[in-house]
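Worth saying up front: this structure is predicted, and the values here are computed from it rather than measured. Hydrogens, waters and symmetry mates are skipped; everything else that's a heavy atom, side chains included, is used. Atoms within each ligand, like the ligands themselves, are counted from 1 in listed order. Along the sequence shown, the residues carry numbers beginning at 1.
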Amino acid sequence: MDQALTIADLKDRARRRVPKMFFEYADSGAWTEGTYRANEDDFHKVKLRQRVLVDMTNRSLESEMIGEKVSMPVALAPTGFTGMQHADGEMLAAQAAEEFGVPFTLSTMSICSIEDVRSVTSKPFWFQLYVMQDKEFVHNLIDRAKAAGCSALVLTLDLQILGQRHKDLRNGLSAPPRFTPKHLWQMATRPFWCLDMLGTKRRTFGNIVGHAKGVKDLSSLSSWTSEQFDPQLSWKDIEWIRDRWGGKLILKGILDEEDARMSLDSGADAIIVSNHGGRQLDGAASSISMLPRIVDAVGDRMEVHLDGGIRSGQDVLKALCYGAKGTHIGRPFLYGLGAGGKAGVRRALEIIRKELDVTMALCGERDVKNLSRKNLHTDL
Ligand code: GLV
């Protein structure tokens, strides 16, 4: 793993180790993938302000996200099918995050269940909630996250219906995979992945199977979301979700100043500026381009985080300079996981930490908490 120097190196390794349908599930956006690309491209447009002859000793990346101490302000984002990038993927990633001192967020659409992740971790992790039409099931999910000691609920707002990702349809994505010649070939050409997968019983959606009633076609994400997700989710629902949960609440998927202002009255502790990694509304603005305006809209009345397009510690730094108190990475840790399990996730975090640290120093800063727009040259 030490030879992987960038997140792109981990991505190359993951491509060689993970069956195509799962690798491409991570490496895809909706329709033209324009927003998926813009999330990354717009980070490159932000220019850093180089400073010299500044004491660079005793640097610190430590910070807080929603009041929790973090070794750097980078959380692992909730991602579906994580246990299909590598056997027991969510459990391994949660352990890597815990050892590194950053938050791990378990997705509702995970392969390992809330209880599985709880059984291999000792510090609280975060749980991401999708709201289904079956409210009893949602209540049950919230209660299970509470029982597992999760310290934050991340409520996703931008996926009441699923954006179309052409690759998933072409690949016939499902968990467990179907045994058609195409799928068998994809797996046969990834023997290490298969060997690991044979060693686990976790091969479908662990939070759902055995817990949700009347789920007819779980394996296909599109049919399952269209049958089960609640298309009527509204601001009013936040209230009962917040009351039932009773702990820290993060709203994920805010990309508009007006929505950001509306979230101020929701009682949430933080919002995540996000377009779901370009996987939902293709043609929407990139996350980083919306961040400064959203930070200005909410001022210091609420913590603002960002996800989408982060591929380096430099991207993390740019988001922090624009006022994000935390960032969330999805694909970078998935590529690490696919490339090498827990060691690969650790490597992804190490790469980002080093890039963040060196960049901060060369910008003339020693404490990640002091980063601000003064460290950048241009406004987007
Ligand atoms: C689910 O959250 C997805 O984006 O596939």
> Any link between Met65 and Phe104 through a network of hydrophobic side chains (Ile, Leu, Val, Met, Phe, Trp, Tyr) touching at under 4.5 Å?
Replying inline: no
>> Under 4.0 Å from a heavy atom of Arg279: which atoms of ligand 1 are those, numbered in the order shown and with their elements?
In response: 3 (C), 4 (O), 5 (O)
> Just which atoms of ligand 1 are under 4.0 Å from any heavy atom in Arg165?
Replying inline: 3 (C), 4 (O), 5 (O)
> Are Leu362 and Ile351 joined in one hydrophobic group, where the rule is that I, L, V, M, F, W and Y side chains link up if heavy atoms are under 4.5 Å apart?
Replying inline: no
> What is the ring orientation for Trp240 with His139, classed by angle as parallel under 30°, tilted 30 to 60°, or perpendicular over 60°?
Replying inline: perpendicular
>> Please list, in number order, the atoms of ligand 1 under 4.0 Å from a heavy atom of Tyr25.
In response: 1 (C), 3 (C), 5 (O)
> Which atoms from ligand 1 have a heavy atom of His276 less than 4.0 Å away?
Replying inline: 1 (C), 2 (O), 3 (C), 4 (O)
> Should the ring pair Phe81 and Phe22 be called parallel, tilted or perpendicular, given that the plane angle runs from 0 to 90° and is split at 30 and 60?
Replying inline: tilted
